[in-house]
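Each remark here refers to the structure printed beneath this line.
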Amino acid sequence: MLVRAFGDIDLAEDAVQEAFARAVRVWPEEGVPPRPAGWIILTARNQAIDRLRREAKLADKQAAAALLAGPDDAGEESPVIDDRLRLIFTCCHPALGLEARVALTLRLLGGLTTAEIARAFLVPEATMAQRLVRAKSKIRDARIPYRVPRDEDLPDRLTGVLAVVYLVFTEGHTASAGDELVRDDLCAEAVRLGRLLVELMPDEPEALGLLALMLLVGARRAARTGVTGEVVLLADQDRTRWDRTQVAEGQALVRRCLRRNQPGPYQLQAAINAVHADASSIADTDWGQIRTLYDQLMVVAPNPVVALHRAVAVAEVDGPAAALATVDSLDLDTYHVYHAVRADLLRRLGRAAEAARAYDAAIARTGNEAERAFLAGRRDAL
(Lines give C-alpha, C1' and ligand atoms only; values in the text may rest on other atoms or scores of the structure.)
Protein backbone atom coordinates (compact mmCIF):
# COMPACT_ATOMS: atom_id res chain seq x y z
CA MET A 1 0.00 0.00 0.00
CA LEU A 2 2.77 2.42 0.90
CA VAL A 3 4.85 1.63 -2.18
CA ARG A 4 1.84 2.28 -4.38
CA ALA A 5 1.00 5.51 -2.53
CA PHE A 6 4.52 6.94 -2.67
CA GLY A 7 6.16 5.05 -5.55
CA ASP A 8 9.35 4.54 -3.53
CA ILE A 9 10.24 1.23 -1.86
CA ASP A 10 13.07 2.71 0.23
CA LEU A 11 10.77 5.42 1.58
CA ALA A 12 8.11 2.82 2.37
CA GLU A 13 10.60 0.54 4.14
CA ASP A 14 12.02 3.38 6.23
CA ALA A 15 8.54 4.62 7.17
CA VAL A 16 7.38 1.15 8.24
CA GLN A 17 10.54 0.65 10.32
CA GLU A 18 9.93 3.98 12.05
CA ALA A 19 6.31 3.00 12.69
CA PHE A 20 7.38 -0.29 14.30
CA ALA A 21 9.95 1.55 16.42
CA ARG A 22 7.23 3.91 17.61
CA ALA A 23 4.92 0.98 18.36
CA VAL A 24 7.62 -0.55 20.57
CA ARG A 25 7.76 2.71 22.54
CA VAL A 26 4.06 3.54 22.66
CA TRP A 27 2.12 0.28 22.91
CA PRO A 28 3.56 -0.89 26.26
CA GLU A 29 2.32 2.37 27.80
CA GLU A 30 -0.94 2.97 25.94
CA GLY A 31 -1.90 -0.60 25.10
CA VAL A 32 -2.14 -2.41 21.78
CA PRO A 33 -4.62 -0.60 19.49
CA PRO A 34 -7.80 -2.39 18.34
CA ARG A 35 -6.44 -2.61 14.76
CA PRO A 36 -2.65 -2.98 15.08
CA ALA A 37 -2.02 -3.34 11.33
CA GLY A 38 -4.09 -0.27 10.56
CA TRP A 39 -2.19 1.67 13.23
CA ILE A 40 1.15 0.65 11.67
CA ILE A 41 0.02 1.60 8.15
CA LEU A 42 -1.40 4.98 9.20
CA THR A 43 1.64 5.82 11.31
CA ALA A 44 4.02 4.78 8.53
CA ARG A 45 2.09 6.81 5.94
CA ASN A 46 2.24 9.88 8.17
CA GLN A 47 5.97 9.33 8.71
CA ALA A 48 6.51 9.18 4.95
CA ILE A 49 4.46 12.33 4.35
CA ASP A 50 6.39 14.20 7.04
CA ARG A 51 9.68 13.11 5.49
CA LEU A 52 8.62 14.21 2.01
CA ARG A 53 7.49 17.56 3.36
CA ARG A 54 10.82 18.06 5.11
CA GLU A 55 12.60 17.27 1.86
CA ALA A 56 10.35 19.73 -0.01
CA LYS A 57 9.15 17.08 -2.45
CA LEU A 58 5.49 17.90 -2.01
CA ALA A 59 5.30 21.35 -3.52
CA ASP A 60 2.30 20.27 -5.56
CA LYS A 61 -0.66 20.72 -3.20
CA GLN A 62 -2.85 18.44 -5.30
CA ALA A 63 -0.33 15.59 -4.90
CA ALA A 64 -0.20 16.28 -1.18
CA ALA A 65 -3.97 16.09 -0.95
CA ALA A 66 -3.98 12.75 -2.76
CA LEU A 67 -1.48 11.33 -0.30
CA LEU A 68 -3.37 12.67 2.69
CA ALA A 69 -6.52 11.02 1.36
CA GLY A 70 -4.89 7.68 2.22
CA PRO A 71 -4.45 4.40 0.36
CA ASP A 72 -7.15 3.53 -2.13
CA ASP A 73 -7.19 -0.26 -1.92
CA ALA A 74 -9.38 -0.68 1.16
CA GLY A 75 -12.12 -2.23 -0.93
CA GLU A 76 -9.86 -3.88 -3.49
CA GLU A 77 -10.60 -7.55 -3.99
CA SER A 78 -8.21 -10.25 -5.08
CA PRO A 79 -8.59 -13.88 -6.08
CA VAL A 80 -5.63 -14.59 -3.74
CA ILE A 81 -6.99 -14.90 -0.19
CA ASP A 82 -3.75 -15.52 1.71
CA ASP A 83 -1.99 -12.29 2.71
CA ARG A 84 1.56 -13.48 2.08
CA LEU A 85 0.81 -15.08 -1.28
CA ARG A 86 -1.19 -12.03 -2.39
CA LEU A 87 1.79 -9.80 -1.55
CA ILE A 88 4.13 -12.09 -3.50
CA PHE A 89 1.89 -11.90 -6.58
CA THR A 90 1.72 -8.12 -6.14
CA CYS A 91 5.49 -7.79 -5.83
CA CYS A 92 6.22 -10.02 -8.85
CA HIS A 93 5.29 -7.22 -11.24
CA PRO A 94 5.92 -8.13 -14.91
CA ALA A 95 7.31 -4.66 -15.65
CA LEU A 96 10.52 -5.80 -13.93
CA GLY A 97 12.80 -8.44 -15.42
CA LEU A 98 12.25 -11.93 -14.00
CA GLU A 99 15.48 -12.02 -12.00
CA ALA A 100 14.91 -8.52 -10.59
CA ARG A 101 11.32 -9.20 -9.55
CA VAL A 102 12.26 -12.52 -7.92
CA ALA A 103 15.22 -11.04 -6.06
CA LEU A 104 13.25 -8.03 -4.85
CA THR A 105 10.33 -10.18 -3.71
CA LEU A 106 12.70 -12.49 -1.81
CA ARG A 107 14.18 -9.45 -0.08
CA LEU A 108 10.87 -7.80 0.80
CA LEU A 109 8.68 -10.82 1.53
CA GLY A 110 10.70 -14.03 1.46
CA GLY A 111 12.63 -13.61 4.69
CA LEU A 112 16.00 -13.79 2.92
CA THR A 113 18.91 -11.39 3.37
CA THR A 114 20.76 -9.83 0.46
CA ALA A 115 23.65 -12.25 1.08
CA GLU A 116 21.32 -15.26 0.96
CA ILE A 117 19.69 -14.02 -2.25
CA ALA A 118 23.13 -13.48 -3.79
CA ARG A 119 24.03 -17.10 -3.01
CA ALA A 120 20.80 -18.28 -4.60
CA PHE A 121 21.71 -16.45 -7.82
CA LEU A 122 25.43 -17.38 -7.56
CA VAL A 123 26.60 -13.75 -7.64
CA PRO A 124 28.61 -11.65 -5.16
CA GLU A 125 26.60 -9.91 -2.44
CA ALA A 126 27.65 -6.47 -3.74
CA THR A 127 26.33 -7.35 -7.19
CA MET A 128 22.97 -8.42 -5.80
CA ALA A 129 22.77 -5.27 -3.67
CA GLN A 130 23.26 -3.17 -6.80
CA ARG A 131 20.55 -5.13 -8.65
CA LEU A 132 18.10 -4.55 -5.80
CA VAL A 133 18.85 -0.83 -5.80
CA ARG A 134 18.31 -0.67 -9.57
CA ALA A 135 15.01 -2.56 -9.27
CA LYS A 136 13.76 -0.15 -6.60
CA SER A 137 14.85 2.82 -8.71
CA LYS A 138 12.99 1.49 -11.74
CA ILE A 139 9.80 1.12 -9.70
CA ARG A 140 10.16 4.70 -8.51
CA ASP A 141 11.22 6.28 -11.81
CA ALA A 142 8.80 4.34 -14.03
CA ARG A 143 5.98 4.74 -11.49
CA ILE A 144 5.23 1.02 -11.60
CA PRO A 145 1.89 0.56 -9.82
CA TYR A 146 2.03 -2.02 -7.07
CA ARG A 147 -1.65 -2.94 -7.21
CA VAL A 148 -3.18 -6.20 -6.06
CA PRO A 149 -3.38 -8.32 -9.23
CA ARG A 150 -6.71 -9.34 -10.70
CA ASP A 151 -7.59 -12.88 -11.66
CA GLU A 152 -6.51 -12.38 -15.26
CA ASP A 153 -3.13 -10.99 -14.13
CA LEU A 154 -2.07 -14.10 -12.24
CA PRO A 155 -0.74 -16.27 -15.13
CA ASP A 156 1.72 -13.55 -16.22
CA ARG A 157 3.10 -13.41 -12.69
CA LEU A 158 3.15 -17.11 -11.93
CA THR A 159 6.70 -17.79 -13.17
CA GLY A 160 8.12 -15.24 -10.77
CA VAL A 161 5.95 -16.43 -7.88
CA LEU A 162 7.02 -20.05 -8.41
CA ALA A 163 10.67 -18.98 -8.45
CA VAL A 164 10.23 -17.07 -5.20
CA VAL A 165 8.63 -20.05 -3.43
CA TYR A 166 11.25 -22.43 -4.85
CA LEU A 167 14.17 -20.27 -3.65
CA VAL A 168 12.63 -19.82 -0.21
CA PHE A 169 12.42 -23.62 0.02
CA THR A 170 15.97 -24.02 -1.31
CA GLU A 171 17.38 -21.71 1.36
CA GLY A 172 15.40 -23.60 3.97
CA HIS A 173 16.49 -27.02 2.70
CA THR A 174 20.19 -26.13 2.94
CA ALA A 175 20.82 -22.86 4.75
CA SER A 176 23.57 -20.78 3.18
CA ALA A 177 24.90 -19.80 6.62
CA GLY A 178 24.56 -20.70 10.29
CA ASP A 179 25.10 -23.79 12.41
CA GLU A 180 22.09 -25.84 11.26
CA LEU A 181 21.79 -27.55 7.89
CA VAL A 182 18.04 -26.89 7.58
CA ARG A 183 15.79 -23.91 8.31
CA ASP A 184 12.48 -25.59 9.05
CA ASP A 185 10.55 -22.30 9.14
CA LEU A 186 11.38 -21.48 5.52
CA CYS A 187 10.66 -25.03 4.32
CA ALA A 188 7.28 -25.08 6.05
CA GLU A 189 6.29 -21.67 4.68
CA ALA A 190 7.33 -22.62 1.14
CA VAL A 191 5.26 -25.82 1.26
CA ARG A 192 2.31 -23.88 2.68
CA LEU A 193 2.53 -21.37 -0.18
CA GLY A 194 2.92 -24.24 -2.67
CA ARG A 195 -0.31 -25.81 -1.45
CA LEU A 196 -2.11 -22.49 -1.75
CA LEU A 197 -0.82 -22.05 -5.31
CA VAL A 198 -2.15 -25.48 -6.31
CA GLU A 199 -5.48 -24.66 -4.71
CA LEU A 200 -5.58 -21.29 -6.48
CA MET A 201 -4.41 -22.54 -9.89
CA PRO A 202 -5.07 -26.31 -10.03
CA ASP A 203 -4.65 -26.44 -13.80
CA GLU A 204 -1.09 -25.08 -13.75
CA PRO A 205 1.22 -28.11 -14.07
CA GLU A 206 4.30 -26.24 -12.85
CA ALA A 207 2.51 -25.32 -9.61
CA LEU A 208 1.78 -29.03 -9.14
CA GLY A 209 5.38 -29.86 -10.00
CA LEU A 210 6.82 -27.39 -7.51
CA LEU A 211 4.65 -28.71 -4.68
CA ALA A 212 5.59 -32.29 -5.59
CA LEU A 213 9.28 -31.37 -5.65
CA MET A 214 9.15 -29.73 -2.21
CA LEU A 215 7.23 -32.63 -0.70
CA LEU A 216 9.57 -35.29 -2.09
CA VAL A 217 12.72 -33.44 -1.07
CA GLY A 218 11.28 -32.41 2.29
CA ALA A 219 10.28 -36.01 3.04
CA ARG A 220 13.98 -36.81 3.58
CA ARG A 221 14.36 -34.17 6.30
CA ALA A 222 14.71 -36.51 9.30
CA ALA A 223 17.36 -38.66 7.58
CA ARG A 224 19.56 -35.81 6.31
CA THR A 225 21.31 -35.22 9.63
CA GLY A 226 22.71 -37.48 12.33
CA VAL A 227 22.23 -37.35 16.09
CA THR A 228 24.65 -34.43 16.50
CA GLY A 229 23.38 -32.53 13.45
CA GLU A 230 26.05 -33.82 11.08
CA VAL A 231 25.28 -34.05 7.36
CA VAL A 232 24.21 -37.47 6.04
CA LEU A 233 24.44 -37.90 2.27
CA LEU A 234 21.58 -39.41 0.27
CA ALA A 235 23.61 -42.60 -0.27
CA ASP A 236 23.99 -43.09 3.48
CA GLN A 237 20.51 -42.12 4.66
CA ASP A 238 18.25 -44.48 6.58
CA ARG A 239 15.32 -44.51 4.18
CA THR A 240 12.96 -45.88 6.82
CA ARG A 241 13.13 -42.39 8.33
CA TRP A 242 11.74 -40.76 5.19
CA ASP A 243 8.21 -39.43 5.60
CA ARG A 244 6.32 -41.95 3.47
CA THR A 245 3.04 -40.05 3.65
CA GLN A 246 4.77 -37.04 2.15
CA VAL A 247 6.48 -39.23 -0.45
CA ALA A 248 3.15 -40.75 -1.49
CA GLU A 249 1.57 -37.32 -1.87
CA GLY A 250 4.51 -36.05 -3.91
CA GLN A 251 4.49 -39.08 -6.20
CA ALA A 252 0.73 -38.75 -6.76
CA LEU A 253 1.30 -35.14 -7.84
CA VAL A 254 4.07 -36.26 -10.21
CA ARG A 255 1.66 -38.75 -11.80
CA ARG A 256 -0.88 -35.93 -12.27
CA CYS A 257 1.83 -33.92 -14.02
CA LEU A 258 2.79 -36.82 -16.28
CA ARG A 259 -0.82 -37.20 -17.43
CA ARG A 260 -0.83 -33.56 -18.53
CA ASN A 261 2.28 -34.07 -20.69
CA GLN A 262 3.41 -30.42 -20.40
CA PRO A 263 6.88 -30.89 -18.89
CA GLY A 264 8.49 -27.94 -17.14
CA PRO A 265 11.56 -27.55 -14.90
CA TYR A 266 9.77 -28.08 -11.57
CA GLN A 267 7.90 -31.12 -12.85
CA LEU A 268 11.12 -32.70 -14.16
CA GLN A 269 12.95 -32.05 -10.88
CA ALA A 270 10.01 -33.58 -9.05
CA ALA A 271 10.16 -36.63 -11.33
CA ILE A 272 13.88 -37.03 -10.59
CA ASN A 273 13.17 -37.03 -6.87
CA ALA A 274 10.29 -39.46 -7.38
CA VAL A 275 12.78 -41.91 -8.90
CA HIS A 276 14.99 -41.53 -5.83
CA ALA A 277 11.94 -42.14 -3.61
CA ASP A 278 11.11 -45.33 -5.51
CA ALA A 279 14.48 -46.89 -4.68
CA SER A 280 14.90 -48.87 -1.47
CA SER A 281 18.63 -48.07 -1.44
CA ILE A 282 21.17 -46.07 -3.39
CA ALA A 283 22.19 -49.31 -5.18
CA ASP A 284 18.62 -49.83 -6.42
CA THR A 285 18.34 -46.33 -7.88
CA ASP A 286 17.54 -46.14 -11.60
CA TRP A 287 20.35 -43.78 -12.51
CA GLY A 288 19.71 -44.22 -16.22
CA GLN A 289 16.21 -42.84 -15.83
CA ILE A 290 17.53 -39.99 -13.71
CA ARG A 291 20.08 -39.09 -16.37
CA THR A 292 17.35 -39.15 -19.03
CA LEU A 293 15.24 -36.78 -16.94
CA TYR A 294 18.23 -34.46 -16.52
CA ASP A 295 18.72 -34.58 -20.29
CA GLN A 296 15.13 -33.34 -20.67
CA LEU A 297 15.70 -30.71 -17.99
CA MET A 298 18.74 -29.43 -19.88
CA VAL A 299 16.48 -28.92 -22.91
CA VAL A 300 13.71 -27.17 -20.97
CA ALA A 301 15.87 -25.10 -18.60
CA PRO A 302 19.55 -25.33 -19.52
CA ASN A 303 21.96 -23.87 -16.96
CA PRO A 304 25.28 -24.85 -15.36
CA VAL A 305 23.71 -25.96 -12.06
CA VAL A 306 21.46 -28.44 -13.87
CA ALA A 307 24.51 -29.66 -15.81
CA LEU A 308 26.36 -30.15 -12.52
CA HIS A 309 23.59 -32.28 -11.04
CA ARG A 310 23.31 -34.23 -14.29
CA ALA A 311 27.01 -35.01 -13.96
CA VAL A 312 26.30 -36.79 -10.66
CA ALA A 313 23.96 -39.15 -12.53
CA VAL A 314 26.52 -39.53 -15.33
CA ALA A 315 29.09 -40.64 -12.76
CA GLU A 316 26.81 -43.47 -11.68
CA VAL A 317 26.05 -44.57 -15.25
CA ASP A 318 29.31 -43.93 -17.13
CA GLY A 319 31.82 -43.54 -14.32
CA PRO A 320 33.49 -40.61 -12.53
CA ALA A 321 35.92 -39.80 -15.37
CA ALA A 322 33.10 -39.02 -17.79
CA ALA A 323 31.35 -36.92 -15.15
CA LEU A 324 34.54 -35.00 -14.29
CA ALA A 325 34.97 -33.98 -17.92
CA THR A 326 31.55 -32.34 -17.79
CA VAL A 327 32.14 -30.74 -14.40
CA ASP A 328 35.48 -29.24 -15.46
CA SER A 329 33.76 -27.50 -18.37
CA LEU A 330 31.36 -25.59 -16.10
CA ASP A 331 31.86 -22.01 -14.92
CA LEU A 332 30.69 -22.35 -11.31
CA ASP A 333 33.73 -21.35 -9.29
CA THR A 334 31.72 -19.42 -6.67
CA TYR A 335 29.34 -22.36 -6.01
CA HIS A 336 30.52 -24.59 -3.17
CA VAL A 337 28.52 -27.59 -4.42
CA TYR A 338 30.50 -27.49 -7.68
CA HIS A 339 33.77 -27.93 -5.79
CA ALA A 340 32.26 -30.58 -3.49
CA VAL A 341 31.06 -32.66 -6.47
CA ARG A 342 34.41 -32.22 -8.19
CA ALA A 343 36.24 -33.28 -5.02
CA ASP A 344 34.17 -36.44 -4.74
CA LEU A 345 34.80 -37.37 -8.37
CA LEU A 346 38.54 -36.82 -7.94
CA ARG A 347 38.46 -38.94 -4.77
CA ARG A 348 36.77 -41.78 -6.64
CA LEU A 349 39.46 -41.53 -9.33
CA GLY A 350 42.23 -41.85 -6.72
CA ARG A 351 43.50 -38.27 -7.26
CA ALA A 352 43.71 -37.48 -3.55
CA ALA A 353 45.82 -34.31 -3.65
CA GLU A 354 43.53 -32.67 -6.21
CA ALA A 355 40.48 -33.84 -4.26
CA ALA A 356 41.86 -32.22 -1.08
CA ARG A 357 42.28 -28.90 -2.87
CA ALA A 358 38.74 -29.13 -4.22
CA TYR A 359 37.37 -29.86 -0.72
CA ASP A 360 39.25 -26.80 0.57
CA ALA A 361 37.67 -24.70 -2.17
CA ALA A 362 34.20 -26.00 -1.23
CA ILE A 363 34.79 -25.29 2.47
CA ALA A 364 35.89 -21.74 1.70
CA ARG A 365 32.71 -21.06 -0.26
CA THR A 366 30.03 -22.15 2.20
CA GLY A 367 28.93 -20.36 5.35
CA ASN A 368 26.98 -23.33 6.69
CA GLU A 369 28.88 -24.86 9.59
CA ALA A 370 27.30 -28.31 9.21
CA GLU A 371 28.42 -28.45 5.58
CA ARG A 372 31.87 -27.15 6.45
CA ALA A 373 32.31 -29.86 9.09
CA PHE A 374 31.15 -32.56 6.68
CA LEU A 375 33.46 -31.39 3.89
CA ALA A 376 36.41 -31.13 6.28
CA GLY A 377 35.74 -34.68 7.40
CA ARG A 378 35.72 -35.94 3.81
CA ARG A 379 38.98 -34.09 3.11
CA ASP A 380 40.68 -35.44 6.22
CA ALA A 381 39.63 -39.00 5.33
CA LEU A 382 41.53 -38.91 2.04
Side-chain angles (χ1 to χ4, degrees), residues 1-17 19-20 35-38 40-45 48 66-67 69-114 117 120 131-169 171 186 189-202 204 206-207 210-211:
M1 291 169 68
L2 291 167
V3 170
R4 184 166 72 253
F6 299 102
D8 188 327
I9 288 180
D10 286 329
L11 175 63
E13 285 185 307
D14 291 345
V16 170
Q17 289 178 31
F20 276 118
R35 295 180 61 248
I40 290 289
I41 292 170
L42 181 61
T43 302
R45 187 171 64 85
L67 291 175
D72 62 355
D73 67 345
E76 202 166 8
E77 295 184 359
S78 168
V80 188
I81 304 301
D82 181 78
D83 285 342
R84 175 71 63 86
L85 188 58
R86 183 169 64 250
L87 286 169
I88 292 174
F89 268 104
T90 301
C91 206
C92 283
H93 199 289
L96 293 173
L98 180 61
E99 184 175 297
R101 84 183 79 144
V102 170
L104 189 58
T105 306
L106 287 169
R107 185 69 189 91
L108 296 176
L109 300 169
L112 272 63
T113 65
T114 301
I117 298 167
R131 292 179 184 178
L132 292 170
V133 168
R134 286 197 296 269
K136 292 177 181 179
S137 298
K138 181 173 181 178
I139 290 167
R140 182 188 63 242
D141 298 341
R143 300 183 182 276
I144 295 173
Y146 261 33
R147 296 189 178 280
V148 174
R150 297 164 296 184
D151 202 351
E152 60 269 27
D153 298 327
L154 300 185
D156 288 341
R157 302 185 182 214
L158 181 62
T159 300
V161 172
L162 291 172
V164 168
V165 175
Y166 172 74
L167 290 174
V168 169
F169 181 82
E171 175 63 25
L186 292 182
E189 177 63 2
V191 171
R192 187 186 75 84
L193 292 171
R195 292 190 185 281
L196 289 171
L197 277 169
V198 169
E199 184 179 334
L200 177 68
M201 309 176 80
E204 289 289 348
E206 279 292 81
L210 177 58
L211 179 57

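Not measured: the values here are computed from a predicted model.
- Taking all atoms of both residues into account, the shortest heavy-atom contact from Ala135 to Leu104 is CB-CD2, 4.2 Å.
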Given the rule in the side chain to side chain contact (heavy atoms under 4.5 Å, CB included) test, do His93 and Arg101 qualify, once you have shown the distances and angles that lead to the verdict?
CA-CA 7 Å; His93 199 289; Arg101 84 183 79 144; 6.0 Å; no
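- The two residues Ala15 and Ala44 have their closest heavy-atom pair at CB-O, 3.3 Å.
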Checking Arg86 against Asp82 for the side chain to side chain contact (heavy atoms under 4.5 Å, CB included) test, could you report, in this order, the C-alpha distance in whole Å, the side-chain angles of both residues, the deciding distance, and whether it holds?
CA-CA 6 Å; Arg86 183 169 64 250; Asp82 181 78; over 6 Å; no
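- Here the CG atom belonging to Leu200 is positioned 15.5 Å from the CZ atom belonging to Arg195, to the nearest 0.5 angstrom.
- Formation of a donor-acceptor pair under 3.5 Å by the Lys138 side chain with backbone atoms of Arg143 is not found in this model.
- Side-chain contact between Leu197 and Leu158 is present, with heavy atoms from C-beta onward closer than 4.5 Å.
- The two residues Ala207 and Val198 have their closest heavy-atom pair at O-CG2, 3.6 Å.
- The line from CZ of Phe89 to CZ of Arg84 is 14.5 Å long, rounded to the nearest 0.5 Å.
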Start with the C-alpha distance between Val80 and Leu154, add both sets of side-chain angles, then the distance that settles side chain to side chain contact (heavy atoms under 4.5 Å, CB included), and finish with yes or no.
CA-CA 9 Å; Val80 188; Leu154 300 185; 4.1 Å; yes
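- Residues Leu85 and Val161 are in side-chain contact: their nearest non-hydrogen atoms beyond the backbone lie under 4.5 Å apart.
- In this structure, Cys91 SG and Leu108 CG are separated by 4.5 Å, a value rounded to the nearest 0.5 Å.
- Contact between Val165 and Leu193 at its shortest, heavy atoms only, is CG2-CB, 4.1 Å.
- Between Phe169 and Leu186 the shortest side-chain heavy-atom distance does not fall below 4.5 Å.
- Separation of atoms CD1 (Ile88) and CG (Asp83) is listed at 11.0 Å; rounding is to 0.5 Å.
- Between Val102 and Ala163 the shortest heavy-atom distance is CG2-CB, 3.7 Å.
- Side chain of Arg45 to main chain of Leu2: no donor-acceptor pair is present (N/O by atom type, distance under 3.5 Å, no hydrogens or angles).
- Put simply, the side chain of Asp14 never gets that close to the backbone of Leu11: no donor and acceptor are under 3.5 Å apart.
- Smallest separation of non-hydrogen atoms from Gly160 and Leu98: CA-CD1, 3.7 Å.
- Looking at heavy atoms from C-beta onward, Ile9 lies out of side-chain contact with Arg140 at the 4.5 angstrom threshold.
- Here Ile139 contributes atom CD1 and Leu96 contributes atom CG; the two are 5.0 Å apart, rounded to the nearest 0.5 Å.
- Look at Lys136 and Glu13 and you find a salt bridge, because one of the NZ, NE, NH1 or NH2 atoms lies within 4.0 Å of a carboxylate O, short of that distance.
- The closest side-chain heavy-atom distance from Leu112 to Arg107 is not below 4.5 Å.
- In this structure, the separation between CZ on Arg192 and CG on Leu196 is 5.5 Å, given to the nearest 0.5 Å.
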Does Asp8 form a side chain to side chain contact (heavy atoms under 4.5 Å, CB included) with Val3? I'd like the steps, not just the answer.
CA-CA 6 Å; Asp8 188 327; Val3 170; over 6 Å; no
